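Small disclaimer: the values here were computed from a predicted structure and weren't measured. Order of appearance sets the numbers: ligands from 1, and atoms from 1 within every ligand. All values below come from the heavy atoms of this structure, side chains included, with hydrogens, waters and symmetry mates left out.
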Amino acid sequence: METIRLPAASLALFILFFLFTNSASGSYPRAQNVTWKSTNFKTILTWGPEPSVDYSYSVQFSAVGQDKKNDPNCFRRSATVCDLSSSLKDPKACYTADVQSEPPRGETSDVIEPPYTSSPRFCPYKDTDIGRLDFKLEVSANKKTTLYVTDPLTAVFKDGRQLNIRDIFADDLAYKVTYRRNKSTGKKVHVSKTNVIELPDLDRGESYCFNVQAYISSRSPDKKLGELSQTKCSEDKDLSIFEEYSVGVIAGAILVILLLIAIIIAVTVICCNRRKNAEGRRSGKEGVPLQNV
Ligand SMILES: *[C@@H]1O[C@H](CO)[C@@H](O)[C@H](O)[C@H]1NC(C)=O
Ligand SMILES: *[C@@H]1O[C@H](CO)[C@@H](O)[C@H](O)[C@H]1NC(C)=O
């Protein structure tokens, strides 16, 4: 019995030791809060916590239904972000990514399956945010208002050319214009399929303020609208005085001016008369004795 027990005990110890060392290298903290952040197809994966010097992170990604690939730019690094824009080549595919906790770069590991956390599914075409649009505002000589919207560039390249959002969304992309009179808060909305937008039914000579945002009709309701642009206002500088002020105000102004003129005339007339009278009296008083001499 004794002779059998000893090797059994040392075998058990050996197994325990083996398990312990192995689980130690496999006990790197798992990544948490694995999150996609994506604007105009520039797509970044973020997570936490910051790793200690004892381990690093690697990122693998796969299109749904395809094999996992290592991302070459995010292999065993201590960063907690990974730019996957150039890896997610097909904007219309859906992807998941795994963040693996691994030994630091240069150290070997016999761990077959390192601990990892998977990201939510991400479909660039449906999910990437559309950043704010830039636009030019033009009021022509006949007071027609036209907006010229610039389609922002994306992080997607095709045949060496950088694509803009129109290249990718094609007919799915429209523009939502929100506008109001400069002096009021009542808003109106106009949706245009093209990036040269003529606005109907604007009052001539009024100043209006405009915002533009991308509108992608095929998307789910909470993802349809892009970021709101800056506000731009048209000018109302070449208004004639009669358009700018009501008849009552103009009549009032004329009345005030006439009154002022009347007062000035009245004051001058009264002053002159008084001075004449005074001079007349003075010359009268002084004249009498002279005549007497
Ligand atoms: C994950 O997110 C939660 C909630 O926002 C936060 O409390 C926690 O600190 C985050 N963990 C890491 C590792 O960033
Ligand atoms: C009204 O338009 C002018 C330009 O004509 C602009 O400077 C001003 O900020 C606008 N006011 C509002 C409330 O947007």
Asker: Is it true that Arg161 and Asp167 make a salt bridge, defined as a side-chain N closer than 4.0 Å to a carboxylate O?
Answerer: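 Yes, this pair counts.
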Asker: Which pairs, with at least one residue in residues 41-78 and sequence neighbours excluded, count as a disulfide bond (SG atoms under 2.5 Å apart)?
Answerer: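 Matches after skipping sequence neighbours: Cys74-Cys82.
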Asker: Go through it in stages, so that I can follow the logic: the residues are Lys232 and Asp134, the test is salt bridge (Lys or Arg N to Asp or Glu O under 4.0 Å), and I'd like the CA-CA distance, side-chain angles, deciding distance and then a yes or no.
Answerer: CA-CA 10 Å; Lys232 287 191 182 171; Asp134 195 17; 3.7 Å; yes
Asker: For the pair Asp83 and Lys37, find out whether any cationic side-chain nitrogen is under 4.0 Å from an anionic carboxylate oxygen.
Answerer: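 So Asp83 does not pair with Lys37 through a salt bridge.
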Asker: Which protein residues have a heavy atom under 4.0 Å from ligand 1?
Answerer: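 These residues qualify: Gln32, Asn33, Gly48, Pro49.
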Asker: Show me, pair by pair, the donor-acceptor contacts under 3.5 angstrom made by side chains of residues 258-266, not counting sequence neighbours?
Answerer:
none

Asker: Return the set of residues passing side chain to side chain donor-acceptor pair (under 3.5 Å) with Thr128 (not counting sequence neighbours), or none when no residue passes.
Answerer: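 Thr128 satisfies side chain to side chain donor-acceptor pair (under 3.5 Å) with Ser38 only.
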